[in-house]
Every structure is written in C-alpha cells, then in structure tokens.
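The structure under discussion appears below in the form of structure tokens.
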Protein chains: 2
Amino acid sequence: MTQVAGRDTRSEILDKALELFTRQGYAGTSLRDIADAVGFTKAALYYHFPAKEDLLLALLDPVIKALDALVTGEHTHPASLLAAYLDFIIERRPVVGFVLREPAALDHPALAQVQWDLIVRLRDRVAGPGSTPDDRVRAACALGAVHMAVLSIDPENLPAARDVIVASACAALAG
Amino acid sequence: MTQVAGRDTRSEILDKALELFTRQGYAGTSLRDIADAVGFTKAALYYHFPAKEDLLLALLDPVIKALDALVTGEHTHPASLLAAYLDFIIERRPVVGFVLREPAALDHPALAQVQWDLIVRLRDRVAGPGSTPDDRVRAACALGAVHMAVLSIDPENLPAARDVIVASACAALAG
DNA sequence: GTCTATAGGCAGATAGAC
DNA sequence: GTCTATCTGCCTATAGAC
C-alpha cells in the first residue's frame, strides 16, 4: 500500500477540492482552504499540483474526455442518447454540478470553447440529422430537463426517478 | 439631469458589475475590475456601495422580489405559470444567467435559502396541487428546459423561439 | 462624488530543511 | 512527501483632500 499512497493523496486532494470548488466556486476557494480540508499545508499541495489551475484541469479533463466519447459514440436514437447522457451525468454528479456553474471553467481559454462545442454537438445529435432550428431548441430543452432534474433531485432518489426523467426529456424533445 | 446623475452612476456600476460577475464570477471579480470598467477608481465605488457584498445584494434583491411575486401570484394553470416564468427569465436574462451559476449567491447565508425555497415553491406550483413525487420530477424537468433554452439561445432569437420553448416545457411536464 | 494614499490581510507561489 | 518560512502582489476597505 505504500506505492498507492501517492495516488490516494492525489485523489483525496481532488475530492476535497471539488467539494470546496462546488460550494464556494473556484475563485472563492483558496489553496489554504483545500490544504486545511486535506489536513496538510498549502506548500505540500504544490508537490502534487504545480499550480491551482492544475487542480481545475485535473478535475475537468476526464469529464471532457468522457463527454467527447459519448458525443462521438454510436447512439442512433435520440432517446438512447438522452438516456446515456443522463446516466453519464448521474455517474459524475458532483463534477457535473460543479462544471455547470463554474464561471472559471466557462471562462477558461482552453476549456470554454471545448465544452461549448461539446454541448452544441450533443444538442445537435439529440436533435437528429436534418434538424430544424425549432428541433434544436427542443433538443436544448431536453438537455436542460436532464440537468435540472439531476441537480435538484436528492441523489439517493435518482435511480428511481431515472425513467421518469428520460421520459420527460423525450417528451420535451418531441414538443 | 444633475439630479439623475446619482442614479445613472449607480446603475452603470451595477451594469458593469453584473457583466463582470457573470463572466468571471463574484469572487473572481475585483472592485478594481469594476472600477476600471466604469471608468473611475476603486475608492469611488465605496461611495455608492459600502461593501462588495452590497453589489451582490443590489443585483439580486429585485430578482428575488419579482420571483416571489410570480410564485405567489395567481397563475392557475401550470402552462400559464411556465409561460410567465419564461417571460420573467427572458426579461432578466443577464441577471438570471448570473444567479443560476454563481456559487457566491447560492452559498450566501441570507440568499441561498430564500432562493432555494422559491425554486422549490415554483416547482411545486408547476407540478400542481396534490402532485406525486413523479409529478415534481417532471416539473423540475420543465423548469430546467426553460433555463437551458433561455441560456443557450441567442437572445435575439428568443422571441421567435418562445412558443416552442413553452410547448416543449409543457410536454416535459406532461411526460 | 471622485480623488490619492495607504493600511492590513491573504492570495498564489517558491526555497530549502527534513 | 510534507514541512516552515518567506516573497511578492493584489485584495477589500478606510481616511481624508478636493
């Protein structure tokens, strides 16, 4: 287990950082806050992450990669894509809850465009090929329905609500 | 116009502050940023707003009051309430875009609970009296559909999309 | 109503001991 | 890998001139 200590510490830092970032925002969270939460000093953080921004990137990178995979993947039916997106979000609820709000992530030069492009590609795939502008509006509504449901429902009730959410999002898509 | 100068300056400060807060977040925006944007110094801001937090409150207070009025108001049909909520958001798009993200607003002791209560009351009124848990999930979806649509659609196209959004949100509500 | 000047604190980041 | 100590700079906020 000595060899795993490095990874454990790193993961623990990321966990606490995510928790604080979500609650207070990226800019509103100091490295001291994170260090205190983990139980050691600011300086020690710098061994694991050379800069504050690296925490943000380490948190978002896997989400972006996974979303890219989802959007690029082979879901032929809008309904199955919506369901897959819902599962994707449920699985990563904490990070997603953070990303959807964080101005720093939306403002970040390297992240903002990537995320926006992904969300637009997802919307357009949900809308389907040959979609009209109105179709894309409804697709955006469907995605919004999924977001709001996941973020506002008590996590433990999510599994039970899953099918209701998918059905509601599909209904929004159909208009 | 001399008498109006005070109000104009105040409004201008709030406008710029909102713009910067939305882009960079509350914590990520310094009073210097705002002062520079308005065209005078930090210290001058303090004449109009005794503390940074007062900018936040001045921005959110009218929105909260208006939302409270909307939720308390007499919209008997879920559809008319959803439409009214959409119009409410369209009318205040910039502030709402800010509120929906800002951790500082959600974390603020005096604001967080109030806002959350309002959103829950709104959801429950949309769900209607005697609603089941599933009804409330669908109501949350409907609200999310409205949010996402308004925030992702180019503002100038919103009037044209309005009816599509309402229809889509109502469909989400019906399931 | 806006300014200059500055207090006082905390931020992110680094150096180097252990 | 984690520590202490410290640098530098920006932050909010205040005092007081104009």
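Naming convention: chains lettered A, B, ... in sequence-line order (proteins, then strands); numbering from 1 in each chain.
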inquiry  = For DNA chain D, which residues of residues 49-57 of chain A approach it to below 4.0 angstrom with any heavy atom?
reply    = none
request  = Inspect the contact between A/K16 and A/D33 and indicate whether a charged nitrogen and a carboxylate oxygen are less than 4.0 angstrom apart.
outcome  = no
query = A/I13 CD1 to D/dT2 P: how many Å, rounded?
reply = 7 Å
Of B/T22, B/V63, B/L100, the residue whose pairing with B/V95 passes side-chain contact (heavy atoms from CB on, under 4.5 Å) = B/V63
query = side-chain contact (heavy atoms from CB on, under 4.5 Å) with A/L158: which of A/L86, A/I89, A/V150?
reply = A/V150
remark   = Correct closest heavy-atom pair for A/E12 and A/V38 would be OE2-O, 3.9 Å
remark   = Residues of residues 26-33 of chain A with a heavy atom under 4.0 Å from any atom of DNA chain C, listed by number, are A/T29, A/S30, A/L31, A/R32
ask   = What heavy-atom pair brings A/R125 and A/V71 nearest, and what distance separates the two atoms?
value = NH1-O, 2.7 Å
request  = Could you go through the salt bridge (Lys or Arg N to Asp or Glu O under 4.0 Å) check for B/D87 and B/R162 one step at a time?
outcome  = CA-CA 8 Å; B/D87 291 335; B/R162 200 202 96 120; 2.5 Å; yes
ask   = Taking DNA chain C as the partner, which of residues 37-47 of chain A come within under 4.0 angstrom of it by heavy atom?
value = A/K42, A/A43, A/Y46
remark   = For A/A110 and A/V114, the nearest pair of non-hydrogen atoms, with its separation, is O-CG2, 3.3 Å
request  = Kindly check if the number of other-residue, nucleotide or ligand heavy atoms within 6.0 Å of CZ (A/R32) is above 12?
outcome  = no
request  = Starting from C1' on D/dC10, measure out to CD1 on B/I34 and report it in whole angstrom.
outcome  = 15 Å
inquiry  = I need the minimum non-hydrogen distance between B/L173 and B/R138, along with the two atoms involved.
reply    = O-CD, 3.3 Å
query = When the ring planes of B/H48 and B/F40 are compared, do they come out parallel, tilted or perpendicular, using 30° and 60° as the limits?
reply = parallel
